[in-house]
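The next block holds one structure in the form of structure tokens; read it before the comments.
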Amino acid sequence: MRVEPRPSANRRGSTAAAAGMKPVDEQHIAEPGLVVLDITGGDEDTVQAVMAALEERWATSGTSPVRREPGEPAVRARIYADVLRPGRDGP
């Protein structure tokens with residue numbers, strides 16, 4: 001019997017496309033230290049709290065709209081960050 005590997009439930013293809021987000025390309029992260037973070041959580045409050053915590057640590061694009069796909073249990077958001085620059089609570 002041959003078993004074909006299948007993606008785990010957490011990785012069913014492009015979550016960005018599934019959440020209605022644009023794909024990340026080279027232009028988004030063209031400089032060292034720039035990152036794009038796709039955040040998935042069980043509810044909007046959790047995702048908003050994560051984005052607020054990231055904003056305190058690094059310079060970010062700020063909190064973004066939270067998206068919910070019909071039939072999916074999770075909510076998603078995307079944030080852009082510069083991990084080389086401190087956030088609002090930085091020095």
Side-chain angles (χ1 to χ4, degrees):
M1 173 201 261
R2 182 182 172 135
V3 177
E4 293 294 324
R6 295 189 332 198
S8 70
N10 293 350
R11 300 194 181 257
R12 292 183 292 164
S14 172
T15 57
M21 297 178 187
K22 295 179 182 178
V24 176
D25 61 28
E26 236 180 277
Q27 197 171 23
H28 287 100
I29 52 173
E31 298 177 29
L34 299 180
V35 296
V36 179
L37 302 165
D38 287 329
I39 303 165
T40 303
D43 58 70
E44 290 185 27
D45 290 339
T46 301
V47 171
Q48 292 287 348
V50 169
M51 286 190 289
L54 292 170
E55 190 173 29
E56 290 175 11
R57 180 175 180 101
W58 298 317
T60 72
S61 58
T63 58
S64 66
V66 176
R67 295 171 174 82
R68 182 179 295 275
E69 277 295 306
E72 292 289 323
V75 294
R76 294 181 175 91
R78 176 174 283 174
I79 191 169
Y80 300 87
D82 182 344
V83 299
L84 301 179
R85 290 184 21 217
R88 61 178 176 212
D89 289 348

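All values derive from a computational prediction rather than experimental measurement.
Inter-residue side-chain proximity for Arg78 and Val36 is flagged as met; some heavy-atom pair is nearer than 4.5 Å. The shortest side-chain heavy-atom distance between Val50 and Leu37 does not fall under the 4.5 Å cut-off.
Between the side chain of Thr63 and the main chain of Gln48, no donor-acceptor pair closer than 3.5 Å is present.
In this structure, CZ on Arg85 lies 9.0 Å from CG on Leu34, to the nearest 0.5 angstrom.
Closest approach of Ala77 and Pro65 over heavy atoms only: CB-O, 3.8 Å. A pairwise comparison of heavy atoms in Asp45 and Asp43 identifies N-OD1, 3.1 Å as the closest pair. Taking all atoms of both residues into account, the shortest heavy-atom contact from Val47 to Thr40 is CG2-C, 4.3 Å. Across all non-hydrogen atoms, the minimal contact from Val75 to Glu44 is CG2-N, 3.8 Å. Contact record, Ser61 with Ile79: OG-CG1, 3.6 Å, taken as the closest heavy-atom pair. Closest heavy-atom contact between Thr60 and Ala81: CG2-CB, 4.0 Å.
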